[in-house]
Amino acid sequence: MFTGIVTATGTIISVENRGDRVLRVGCIWPCNEIAVGASIAHSGICLTVISSNAHSFEIAASAETVNVTTLGQWREGDIINLERALCLGDELGGHMVSGHVDGLAVVKSITPIGDSHEVWFEAPVELSGFIAQKGSITLDGVSLTVNAVRGSEFSVNVIEHSWQVTTLGRITVGQKLNMEIDMLARYVARLADYRRDQLA
């Protein structure tokens, strides 16, 4: 589990296809202290560490992950958001995030407002019903609050700190970001479907 609070950015050092796609990621963490088998969120994608050294670690991604997330487009030199998995007693600064990407959100517009940026996204139609004003959304691993919703489009406000310390400050119109809907919204919708089925 994660909270969508990015604690570092990483650089893709290498990308290899060895059955699964294997990527080496460099970052400022003491990577030799990361256990093999540890879960780390990479721009919102939960991936397992398969090896590490002092300054980098390797992860493996299945064909499914490559096909349904932005990972398939990652190349050497790309910057990604990183978050270590929660430990008991850690501060829950964002919201509960699983690291399981539900779909890709497309950047529609970026507008500076004061020191912040208002960004509008278009969500896949099948996920739009899970997005609510003042609800939570995870975009490329960053926990954000939904400002407004109109159909399948929604906006978020990104403060200057998040704009600077995550990859959100590098996004462009038309770019796709990994999106995870709020876990609570998912279960509320499932409960509503279950009750409807029971009454049918």
Next item on the list: Find the distance between SG (Cys27) and CG (Leu82) and round it off to the nearest 0.5 Å.
Entry: 5.5 Å
Note to self: Enumerate the salt bridge (Lys or Arg N to Asp or Glu O under 4.0 Å) contacts for residues 58-72, please, sequence neighbours excluded, ordered by first and then second residue.
What the structure shows: Arg18-Glu58, Arg24-Glu58
Notebook entry, point to check: Taking only residues two or more places apart in sequence, or in another chain, which ones meet Gln133 in a side-chain hydrogen bond (donor to acceptor under 3.5 Å, both in side chains)?
Noted result: none
Next item on the list: Using modelled atom types only, decide if a donor and an acceptor are shared between the side chain of Gln164 and the backbone of His161 within a distance under 3.5 Å.
Entry: no
Check: So which pairs with a foot in residues 74-89 pass salt bridge (Lys or Arg N to Asp or Glu O under 4.0 Å), sequence neighbours left out?
Finding: none
Checklist line | Validation row: Met183, Met1 side chains within 4.5 angstrom (heavy atoms) | finding: yes
Check: Roughly how far, to the nearest 0.5 Å, is the OG atom of Ser56 from the CG atom of Asn32?
Finding: 10.0 Å
Check: Does Val22 belong to the same Ile/Leu/Val/Met/Phe/Trp/Tyr cluster as Val49, with side-chain heavy atoms less than 4.5 Å apart forming each link?
Finding: no
Next item on the list: Report the residues that fulfil ring pair (Phe, Tyr, Trp, His ring centres under 6.0 Å) with Phe2, sequence neighbours left out, ordered by chain and then residue number.
Entry: none
Note to self: If hydrophobic clusters are built from ILVMFWY residues whose side chains come within less than 4.5 Å, do Val119 and Val106 share one?
What the structure shows: no
Next item on the list: Show your working on side chain to side chain contact (heavy atoms under 4.5 Å, CB included) between Thr138 and Met179 and close with a plain yes or no.
Entry: CA-CA 6 Å; Thr138 309; Met179 183 178 84; over 6 Å; no
Check: Can you name the closest pair of heavy atoms from Val125 and Ser128 and give their distance?
Finding: O-OG, 2.8 Å
List, one per line, each side-chain donor-acceptor pair under 3.5 Å for residues 4-13, sequence neighbours excluded.
none

Item checked: Value rounded to 0.5 Å, distance of CG in Leu177 from OG1 in Thr69 -> 11.5 Å
Check: Same cluster or not: are Val107 and Leu127 linked, directly or through other Ile, Leu, Val, Met, Phe, Trp or Tyr residues, by side-chain heavy atoms under 4.5 angstrom apart?
Finding: yes
Margin query: I need the full list of salt bridge (Lys or Arg N to Asp or Glu O under 4.0 Å) pairs touching residues 110-122, with sequence neighbours left out, sorted by first then second residue.
Written below: Lys108-Glu122
Check: Any chain of hydrophobic side-chain contacts (each under 4.5 Å) joining Ile45 to Ile40?
Finding: yes
Note to self: If I compare all heavy atoms of Ser98 with all of Cys46, which pair ends up nearest, and what's the gap?
What the structure shows: O-CB, 4.0 Å
Checklist line | Selection residues 8-55 - residue pairs positive for ring-ring contact (aromatic ring centres under 6.0 Å, His included), sequence neighbours left out | finding: His42-Phe57
Next item on the list: Check for a donor-acceptor pair, side chain of Thr65 on one end and backbone N or O of Ala61 on the other, with a separation under 3.5 Å.
Entry: no
Check: Among all residues two or more places apart in sequence or in another chain, which pass the ring pair (Phe, Tyr, Trp, His ring centres under 6.0 Å) test with His117?
Finding: Trp163
Notebook entry, point to check: Any side-chain heavy-atom pair from Leu71 and Leu23 closer than 4.5 angstrom?
Noted result: yes
Notebook entry, point to check: Can you hop from Ile171 to Leu104 via hydrophobic side chains spaced under 4.5 Å?
Noted result: no
Taking distance alone, no hydrogens or angles, what donor-acceptor pairs closer than 3.5 Å link side-chain atoms of residues 139-153 to residues at least two apart or in another chain?
from   : atom 1 : to     : atom 2 : distance (Å)
Asp140 : OD1    : Asn178 : N      : 2.9
Ser143 : OG     : His95  : ND1    : 2.7
Arg150 : NE     : Glu153 : OE1    : 3.3

Notebook entry, point to check: Which pairs with one or both residues in residues 118-145 pass ring-ring contact (aromatic ring centres under 6.0 Å, His included), sequence neighbours excluded?
Noted result: Phe121-Phe154
Check: If you measure from OG on Ser39 to CG on Leu47, what distance do you get to the nearest 0.5 Å?
Finding: 8.5 Å
Checklist line | Atom CD1 of Ile28: over 12 foreign heavy atoms under 6.0 Å | finding: no
Next item on the list: Taking all non-hydrogen atoms of both residues into account, name the closest pair between Val173 and Ser109 and its distance.
Entry: CG2-CA, 4.1 Å
Notebook entry, point to check: Are the side chain of Thr167 and the backbone of Asn81 linked by a donor-acceptor contact shorter than 3.5 Å?
Noted result: no
Margin query: The criterion is ring pair (Phe, Tyr, Trp, His ring centres under 6.0 Å); which residues satisfy it with Trp74, sequence neighbours excluded?
Written below: none
Next item on the list: Quick one: which residue pairs count as a salt bridge (Lys or Arg N to Asp or Glu O under 4.0 Å) with a foot in residues 161-182, not counting sequence neighbours?
Entry: none
Margin query: Working to the nearest 0.5 angstrom, can you tell me the gap between Met96 CE and Thr3 OG1?
Written below: 8.5 Å
